[in-house]
Structure formats: structure tokens, C-alpha cells
Colleague: 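Got a structure for you, questions after.
For the numbers below, each heavy atom of this structure counts, side chains included, while hydrogens, waters and symmetry mates do not.
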Amino acid sequence: MRKPAVLFLCGWLALPAFPADLGTLAGYSETSTRTERDWEAKFRAIPDPANLRSYMERLSARPHHVGSPYDAENAEWLLGKLKEWGLDAHIESFDVLFPTPKERALEMVAPTRFTARLAEPTEAADPTSKQHEEQLPSYNAYSIDGDVTAPLVYVNFGVPEDYETLDRLGISVKGAIVIARYGGSWRGIKPKVAAEHGAVGCLIYSDPHEDGYFEGDVFPAGGLRNRDGVQRGSVMDMPVHPGDPLTPGVGATKDAKRLPLDQAATLTKIPVMPISYGDAQPLLAAMTGPVAPPSWRGALPITYHLGPGPTRVHLKLAFNWDLKPLHDVIARIPGTNESDEWIIRGNHHDAWVNGADDPVSGAVALLEEARALGILLKQGWKPRRTIVYCLWDGEEPGLLGSTEWAETHAAELRQSGAVYINSDSNGRGFLQMSGSHTLERFLNGVAREIPDPESKVSVWQRQQFHRIANPMPGQTPEERQEIRTRPDLRIGALGSGSDYTAFLDHLGIASIDLGFGGEDRSGIYHSVYDDFYWYTHFSDTDFVYGRALAQMAGTAVIRLADAELLPFDFDDFTDTVRRYEQEVERLAREKRDQIVERNRQIDEGLFAALNDPRHPMAAPAREPVPPFLNFAPLQNGMAAIERTAQVYKHALAEANANGGSALARAMLRDANTKLIEVERALTLSDGLPNRPWFEHQIYAPGFYTGYGVKTLPAVREAIEQKQWTLAQEQIVRVGKVLENAGEAIEGAASALGQAVK
Ligand SMILES: [Zn+2]
């Protein structure tokens, strides 16, 4: 255990006026800044680590996956709390396809026999690990049923490049069951790519190299994955669309029209199951064939072979394909002025099992924010905008609760959604900020005012030092220098993997994702050991980072809700999109150069001459040289947002003159509406190529990375997949989107100019 929480609280209160001089808040006049800071200071004094601990103890006491009794009980309990704190709250339910295992079997039938255990045993030290009756068995949700017996091939992480290597080694997975290790991509990509290459089944195991004994002591001695720990998880094809597979694009309400099961596009094409390294080791040890390349080897005490050899496995999976109820818990604080502009804050409450870390550590911070807002309201605080607090159900299987809610309320949300703020798991360490770059400056401003519980500098300062001390691989000297000199720390771009997806990618609502982490390695993700015992021994044990998250996210909510003018900024946005644009140009150039060079090597006979006859590796195939792409439409789009960002900056400077007195008296309704429209202007209603649900044209989860973001996705992915005609078409489309955004920014500037004239 760490120091008692009370010492941290005293230490924090004893800080000299933290931080010293902060100036006027963006979107506020000098007068309203003072009032706002008073409310925010009151707010930040409320969250209490002891409450976070008690909420977590309650919410993670029993397994609470979708459709389980405790999932529904938790929803009712959350509702009761929100109401007790004076908030107007309700539960909104949906019916979604949620398969659960009926039959799971894995055995090696040759060269020797071995039957996989497929069980996570009770750990004596860990009281909730024995709740086997209520635990979901280890499985991958949305795997299809299957019964296959086939040779085994090891495919490393199972990403597309791994199959290129196998090809050159002369190894085909056609008709085979592949075994991939977790890591390198989101898990749903592994069966997808395996099926594209003709595999008939897929096993995914947790190698100790990634989150087991290679990284640290395993549970229960330490926080890392033990030999029987399994990572459950969804393998739904979420890069096509998340949410209920039977109701794409519409809410899964009682009377929604549902697709027949055989038309659901996001189920896997082959059966897939996750296993522990305890179950994987005998299979891997029995394999023969070429030795795996060095970077493919994990940390098991075996020589990793690729197969296929005599090793054959039998995989049998059958699921109950039932509809299950989802219970989103929603609380609404109506705004006094701009009540039709919503600041939405969400975190999921469902888990794979007990889920103390994922998601309860984030959910308890959100809950404590809600309690604090209830207190502020009783003290007379009146937010200008409407605030919506959401505890989502069904995130784990496929962002179900947030997606169905967003699809059900799409029309209202497109009208009123101003900002969505998400969190998920939370731990000790450094503040991670990702989101829409129109909010980068805003987020930096909030982070400068939140004290770090361990070091007492601001969470912003600690993140800056962290970046200086740990330069990212491949960073240029300029990029390193910039960490010190650029006023704002760069925030990450959002891919997918949590509940912001429907808001940002489908509806074009500027979104943020927040959380702390980086100081503790964890290996209990989606296992039965992610529970209260684990969290209170190996993570934010005194809940001070839970409090910091509540302070950070809650301050952002209040500040956005109270601002006279929404604090969107287009300088950091433009600077960031310019980088993306340069990246895709460089990518096209490099792809072309690589192909030219490789063709030359093939023609020179390099591969034939270097081939080691005892370890043969075929030459790659000759490829057609790509055409040069014309990036002028993207450049024109860039010019439009660069020019209009300046126009907006100028209008804002006028509005801020004389202590923002103009802001204080102006009618800013129109300007705020126009500001909200900027993020919408970054979407296209027919979406990305082959995945129309994803409308945002700046950010998307990668079609072959899963959670990992692809920025300017339509252009970037077409280049990566060597679809040159498509790439050229998308450059034109995305260039037009940037021009549309430029028009929207100019519209906001002129509305602001009108208002403060
Ligand atoms: Zn989660």
C-alpha cells in the first residue's frame, strides 16, 4: 500500500496558490473568468479518493458483463446514486446481439495429445477470482461457430506484413489453424487477416513477452499475467462499424429492424479463441518447420517454429446467439442559456469479468464528478450549456451502449452535440490526452491547472518532462526541441477502442479521451484477475490518480459548459493537419521509392544470389511502379484552413480586446453554433471507402490496425494498400473536406465579428 490518502490531500491543499498566474480563460471575459475559476476551484476540492475506493468495491464486487444480473444491478445502483445527488437521471435500454459460449474445446491431436485447460483458476489471495459461477468463460465475442481440425502455423502478431514474410518462406496458412500472439494490432485484425489468407481457425495467446514474466512478477506476486490468465475480448470487425451487428447505423431499440444473423457483416469469417500461455506452450513446443525470425520470438522457454509440421489441433466453438439487454445510465443537467448545446461525458460500466481496472477505475472518477456537480448545483452554479453524464453498457463487446445511444439520438446529437469527453481505464502516472485538435489548446490549458498527486507539479508539466526524458523512437531533433518550445503539448489522434468512436467518427462531434497511466505494468487486462484485489495492490492503490482524473475531466466539462464562446482553436488544428498532409505525401513518395528499389534488386538477381539454400527464402514478386500522385487538391484544402484560421484568430482578438467586454455583452449564439459546425464539416455522409459508417475524414481506426488511428484515413490507407486510383480520388475528396472546414471556420469568424461589433 502507498501512503494514506489523507497525506496526499493535505500536501495538495498546502500548495502555494497553484498555479500562480493563469490569465483569462479562452472564451471568457475577464469578469466571467473570475467567477468560473471560483466554481472550478470549488469543484476540484470535492472529489475524494475514499469515495472512489468504495464505488469501485461495490461496482467490481461481482462479474458484470452485458446481460448478467450484476450488470443490471450496477446500472440501478448508478442510477440511484445520480438521483441521490440531485441529478435528473434515467436508464435507457437496448437489445443487442451478444453471443456467449456454449461449447469451447481445444486439443492437440498430433504428434502427441494435449487438451487445453481453458480456465483461469482461483487465486487464494484474490477473493473474487473464485466467482466461477458468474464469470464469463474466456472467449472472443463475435467469433462464429466452428469445428475444425487442421495443421498449426505460427503467424507472429498476425498482421499483413507477417503474412508477406510467411509467403517468402514458402509457408501458406491455407486450410491451417493459425496461432498468433496478442500485440502488434487490435485482436480483431488477427482472425480477419488470417481468414483473408485462407486459414480455417485462429488462436490468440498472451505471450509472457508482452504482459507476463518477461515484464515483471506475475499475479498474485506482481501485477502481470500468470500462466493461466487469458485476455478475453471482442473480435467484431469494428473498423467496418461498431455497435450491434444486427442494427448497423440505427439504434437497437425494441422495435428496430434487425438483420438476419447470416447477414451481419461484422462477425468473424473463421472461429477464433483466446488462450493462456499455459495452454499455448505445449502447442508451440510441438511445432516444427523453419525457426521463427528473431523479432517473432516471444519469451517462452522454447524454440519458436513456424510450422506447419505434424502438429494438428482440433478447435470447436459454439455460441448462444441471443439478444441481451443493455442499460445505459444517463444524467442530464439542463443549461440555462445554450441548452441546445451539449457537453457529453462518458465512461462505460460493463466489464468482461469484475473489471476493477477496465472500466471501473475510470467510471468511479466520472461518478465522483457527477456527485461534485450535484453539490455545485445546490450551491447555485448554473451551467450555460446542457451537460450529459453517461455510463455506458456493452462497451467491451463492441462499443454497443454508446453506439446504439448515439445512433438512436443521431438527429439531436448532430444538432446539439458540442463536445464528447471520454475516459475508460485509469492508473498511476502521466496524463494521456487524445482527441480533436480543435481542442488541443483547451486541453493543455486545463492540464496546467491540475496538480499531479505524486510530484506536485502540474499534470501538464509532468507530461512535458516525461516526453523530454523519453523521446519517441524516430523523433527528429526538431521534434524533440519542440516539446520545450511549442506552447501546447501535442495530443494524440483518436483511433478506436472506446466509447468516443460513435461521437467523433460517425457524428462529427469534437471528442476527447483522457486517462493517467505509464507507471505500473499490468497483465490482467480482460481476465478474471482484473478485480478489486489486483487494483488495490498493483495500480492506483490510494485512488489519488482517480481523483486527478475526476479533477481533469470535470474541470474540462465545467469550463466548456460555462464558456461564453466555445474555446475551439484552429491554430493547433491547422498545424496538426499540415503534419498529416506532409506525412501522406512522404508515404506516397517512400512507397514508390521502395518499389522501384525492390524491383531493381530483383532484376539484379540480389535475392537469388543471397539465398541460403539451407534456409530458403523466395524473392518478393516484382510490382508495377506506382504513378506519381497529385497532391494539389490537399494543398488547396490546407491553404483554405490556414487562411481562415488566421481570420478567426483576428476576430477572436477583437472580441478579447478590453478584457473581453464585447464577449460579455454579445449575443454569441450564432458564433457558437458555427463553431460546433466546424467538426461536422470534417465529415462526409457517405463515409470512408467501403465503410460508410465512418464519416470523419481526419481520424479513423485503421482497417488493418483496429484501434490504431489512421489520420487522413481515406488517402493514407489507399496509399498503404497500393490502390493508386482510389488514392488520387480520395485526395480530391479530402481536399474538398478541408475547404468545407475552411468555410465553416470563416463562418464562425464572421458570426463572432458580427456579434462583437
Ligand atoms: Zn474499457
Colleague: Is any side-chain N of the basic residue among Glu396 and Arg232 closer than 4.0 Å to the acidic one's carboxylate O?
Modeller: no
Colleague: Below 4.0 angstrom, N of the basic side chain to O of the carboxylate: do Arg187 and Glu210 qualify?
Modeller: no
Colleague: Looking at Arg600 and Glu604, does any basic side-chain N land under 4.0 Å from a carboxylate oxygen?
Modeller: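 Salt bridge between Arg600 and Glu604, a charged N being under 4.0 Å from a carboxylate O: yes.
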Colleague: With side-chain hydrogen bond (donor to acceptor under 3.5 Å, both in side chains) as the test, would you mind laying out the steps for Asn347 and Ser423 before giving the verdict?
Modeller: CA-CA 5 Å; Asn347 194 110; Ser423 58; 2.7 Å; yes
Colleague: Any ion pair linking Arg521 and Glu215 (charged N to carboxylate O, less than 4.0 Å)?
Modeller: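 Salt bridge present between Glu215 and Arg521.
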Colleague: Hey, could you give me the CD1/CG distance between Ile719 and Leu587, rounded to the nearest 0.5 Å?
Modeller: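 These two atoms lie 5.0 Å from each other.
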Colleague: Calculate, to the nearest 0.5 Å, the distance between atoms OG1 and CD1 belonging to Thr165 and Ile171 respectively.
Modeller: 10.5 Å
Colleague: Using 0.5 Å steps for rounding, measure from the OH atom of Tyr535 to the CE atom of Met56.
Modeller: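 CE of Met56 is found 5.0 Å from OH of Tyr535.
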Colleague: Specify whether Tyr533 and Phe538 have parallel, tilted or perpendicular ring planes, treating 30° as the upper limit for parallel and 60° as the lower limit for perpendicular.
Modeller: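 Perpendicular, since the angle between the ring planes exceeds 60°.
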Colleague: If I take atom CD from residue Glu519 and atom CZ from residue Arg428, how far apart are they, to the nearest 0.5 angstrom?
Modeller: 4.5 Å
Colleague: Can we call the ring centroids of Tyr277 and Tyr213 under 6.0 Å apart?
Modeller: yes
Colleague: Please state whether the rings of Tyr142 and Phe98 are parallel, tilted or perpendicular, taking 30° and 60° as the class boundaries.
Modeller: perpendicular
Colleague: From Glu583 CD over to Arg716 CZ, what is the distance, rounded to the nearest 0.5 angstrom?
Modeller: 4.5 Å
Colleague: Do Tyr704 and Glu196 come within less than 4.5 Å of each other through their side chains, counting heavy atoms only?
Modeller: yes
Colleague: Could you point out which residue of Val109, Ile177, Leu152 forms a side chain to side chain contact (heavy atoms under 4.5 Å, CB included) with Arg312?
Modeller: Val109
Colleague: So, Gln135 side chain and Val528 main chain: donor-acceptor pair closer than 3.5 Å or not?
Modeller: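 Absent.
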Colleague: Should the pair Tyr205 and Tyr154 be assigned to parallel (<30°), tilted (30 to 60°) or perpendicular (>60°) ring geometry?
Modeller: tilted
Colleague: Determine whether more than 12 heavy atoms belonging to other residues, nucleotides or ligands lie under 6.0 Å from atom CG of Asn690.
Modeller: no
Colleague: Before accepting this row, confirm whether a basic side-chain N of the pair Lys102/Asp145 lies closer than 4.0 Å to the acidic partner's carboxylate O.
Modeller: no
Colleague: Less than 3.5 Å apart, any donor N or O on the side chain of Ser60 or Asn354 sitting next to an acceptor on the other?
Modeller: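 Distance-only check fails for Ser60 and Asn354.
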Colleague: Which heavy-atom pair separates Ala119 from Pro121 by the least distance, and what is that distance?
Modeller: O-CD, 3.5 Å
